[in-house]
Amino acid sequence: MLEENAVRDKVVIAGLKSPVLKSDSADDESMDELSALVETAGGVVEGIVLQNRPAPDPRSFIGEGKAEEIKEYCKNTEASMVIFDNNLSPSQMRVLTELFGVQVLDRCGLILDIFAQRAKTREGRLQVELAQYQYLLPRLTGMWTHLERQAGTSGRGPIGSKGPGETQLETDRRHIRRKIDKLREELDDVRRVRGVQRRQRQKKEIPVAAIVGYTNAGKSTLLNYLTGAAIPANNRLFDTLDTTSRLLRLPDKRDIIISDTVGFIRKLPHQLIEAFKATLEELEYADLILNVMDISHPEWKNQSQVVEDLISELGAGELPRIDILNKIDALPEDEILPRGPDICPISARTGEGTENLLNMIAKRLDRGLRRVKLLVPYDRGGILELLYRESEVERVDYGERIAITAICSPEIYGQGRQYLAPEEVEENENNR
């Protein structure tokens with residue numbers, strides 16, 4: 001088993017900048033991000049090649065002259081892999097592998113590899129496995145070129161030799177399709193379990209806040225600071241893949257569920273968007289989105305737009321939201337920050353601004369619910385029955401009177417306020 005920081009491969013990263021590629025075009029920023037992804041995967045970048053070209057070469061993507069240059073680069077640096085910042089077609093990947101003489105991977109394949117390393121829960125592993133099979137299926141042909149040459153499936157072999165390579169290819173395709181169907185069924189089961197859990201939360205009227213943001217924006221650090229969750233929070237991309245939910249008590253004593261989700265990134269493979277619906281569908285049912293942005297990153301506005309687009313794609317664009325400007329401790333003191341009623345500057349590392357954030361969350365999630373403690377005489381036990389039926393009863397103790405702690409609506413509170421415990425009455429007086 002590889003150690004976390006062990007070097008897996010020496011890598012040359014390459015990219016094509018072309019107006020034809022639109023959002024898949026490479027640039028300096030995306031190449032820097034690709035370099036960070038390679039390091040996250042355990043590789044070391046030996047060289048960077050960014051080519052400008054009006055349009056991709058249909059066969060080799062970058063043109064054979066540039067391909068020859070990269071081949072020499074690999075020889076000189078002893079690189080064992082070339083990773084492209086763009087998405088490559090199966091045929092382009094096959095051609096480039098033959099031209100370079102080393103393994104070729106695209107950005108999508110690299111992200112899938114990182115996810116495969118990092119997923120810890122059964123659900124996370126299922127999602128990654130599904131995405132990998134969806135990525136692999138159209139690329140099988142290139143993996144069987146050696147059998148095509150041996151068996152003559154290209155048409156150049158002797159009569160009678162055509163067939164075995166194609167048969168094996170079709171067998172593998174059927175096997176992978178069966179695996180994909182089985183994984184989808186298992187993920188549907190995960191969705192059903194999540195649906196049951198969600199309905200239970202809604203029945204108890206516990207609000208849900210979902211933390212989203214670009215990868216490495218500080219989402220896990222924020223969850224740790226607010227809840228003491230002790231989730232690993234390192235300065236690397238995709239450090240959190242499995243959704244983590246914790247209970248958080250707000251300043252008004254109400255409890256909410258706060259969830260940390262997988263980080264977003266530019267050019268996120270569509271296979272992952274589909275595969276991770278079971279995790280990210282939580283956004284659709286959240287009561288509030290906490291959008292964490294790394295305000296110290298020079299490209300934070302572009303990163304924010306990526307998150308905005310993906311939130312909309314997941315059907316959560318209309319949900320209430322607080323934009324959290326994180327890492328203000330890394331900014332110059334005279335930095336002018338954006339302002340607004342739903343903008344909250346913080347440092348999740350030092351805790352600066354988090355008290356204001358909690359108050360903003362409480363205000364946005366205020367449904368008029370409140371936690372109360374009542375001391376009810378035994379001859380008025382119907383109050384307890386009412387609370388069980390219409391509220392969330394947290395605790396019941398039987399002594400001289402029935403001591404009940406419950407979260408209730410203003411209407412139910414009005415019916416039971418005459419039985420408020422003395423400390424509750426005192427607190428209400430102080431808050432007037």
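Residues take their numbers from the sequence shown, with the count starting at 1. Since the structure is predicted, the reported quantities are computational estimates derived from the model, not experimental observations.
D57 places a side-chain N or O within 3.5 Å of a backbone atom of R59 that can act as its donor or acceptor partner. In terms of modelled atom types and a separation under 3.5 Å, the side chain of N326 and the main chain of A217 share a donor-acceptor contact. Looking at T354, its side chain never comes within 3.5 Å of a backbone N or O of L357 through a donor-acceptor pair. The main-chain N or O of G109 is never found under 3.5 Å from a side-chain atom of D113 such that the two would form a donor-acceptor pair. Between the T40 side chain and the A36 main chain, a donor and an acceptor come within less than 3.5 Å of each other. Proximity of a side-chain donor or acceptor of T77 to a complementary backbone N or O of Y73 within less than 3.5 Å is detected. No donor-acceptor distance shorter than 3.5 angstrom exists from the side chain of E98 to the backbone of V95, with no hydrogens or angles considered. Side chain of Q117 to main chain of A41: a donor-acceptor pair is present (N/O by atom type, distance under 3.5 Å, no hydrogens or angles).
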Chi angles and distances behind the salt bridge (Lys or Arg N to Asp or Glu O under 4.0 Å) call for R395, D397: CA-CA 7 Å; R395 180 170 178 171; D397 294 310; 2.8 Å; yes
Candidate pair Q127 and L187, rule side-chain contact (heavy atoms from CB on, under 4.5 Å), full reasoning: CA-CA 7 Å; Q127 292 164 337; L187 282 171; 3.5 Å; yes
Stepwise side chain to side chain donor-acceptor pair (under 3.5 Å) test for Q305 and D309: CA-CA 6 Å; Q305 189 58 52; D309 293 342; 2.9 Å; yes
Intermediate values then yes/no, salt bridge (Lys or Arg N to Asp or Glu O under 4.0 Å), R364 and D342: CA-CA 9 Å; R364 294 304 299 267; D342 296 320; 2.6 Å; yes
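Under the side-chain contact (heavy atoms from CB on, under 4.5 Å) criterion, D28 pairs with L50, sequence neighbours left out. Looking at residues two or more places apart in sequence or on another chain, you find no side chain to side chain donor-acceptor pair (under 3.5 Å) involving N87.
Between D323 and R321, at least one side-chain nitrogen of the basic residue sits less than 4.0 Å from a carboxylate oxygen of the acidic one, meeting the salt-bridge criterion. Residues E186 and R125 are not paired through a salt bridge, judged by the lack of any N-O separation under 4.0 Å between the basic side chain and the carboxylate. Ionic pairing of E185 and K182 is not present here: no N-O contact between side-chain nitrogen and carboxylate oxygen is shorter than 4.0 angstrom. Salt-bridge formation is not detected for the pair D260/K219: no Lys NZ or Arg NE/NH1/NH2 atom is positioned less than 4.0 Å from an Asp or Glu carboxylate oxygen.
The environment of CD1 in I336 is sparse: at most 12 heavy-atom neighbours from other residues, nucleotides or ligands sit within 6.0 Å. A 6.0 Å sphere centred on CD of E29 holds more than 12 heavy atoms belonging to other residues, nucleotides or ligands. Enclosure of atom CZ in R380 is not indicated, since only 12 or fewer non-hydrogen atoms of other residues, nucleotides or ligands lie within 6.0 angstrom. The environment of CD in E318 is sparse: at most 12 heavy-atom neighbours from other residues, nucleotides or ligands sit within 6.0 Å. For E335, the CD atom is densely surrounded, since the number of other residues' heavy atoms within 6.0 Å is greater than 12. More than 12 non-hydrogen atoms from other residues, nucleotides or ligands lie less than 6.0 angstrom from CD of Q418. When the shell of 6.0 Å around CZ of R53 is examined, it contains more than 12 heavy atoms from other residues, nucleotides or ligands. The local environment of CZ in R389 is crowded, with over 12 non-hydrogen atoms from other residues, nucleotides or ligands closer than 6.0 Å.
Between the CG atom in D255 and the CZ atom in R246 there is a gap of 14.5 Å [rounded to 0.5 Å]. Atom CG of L88 sits about 10.0 Å away from atom SG of C108, to the nearest 0.5 Å. Rounding to the nearest 0.5 Å places CD of E299 at 9.5 Å from OH of Y214. Rounded to the nearest 0.5 angstrom, F61 CZ and M93 CE are separated by 10.5 Å.
Using a 4.5 Å cut-off on side-chain heavy atoms (C-beta onward), Y413 and L420 make contact. Looking at heavy atoms from C-beta onward, L386 lies in side-chain contact with I412 at the 4.5 angstrom threshold.
Relative orientation of the F84 and F100 rings is parallel, given thresholds of 30° and 60° on the angle between their planes.
Listed by first then second residue, pairs satisfying side-chain hydrogen bond (donor to acceptor under 3.5 Å, both in side chains) with a partner in residues 12-27 read D27-S30, D27-R266, not counting sequence neighbours.
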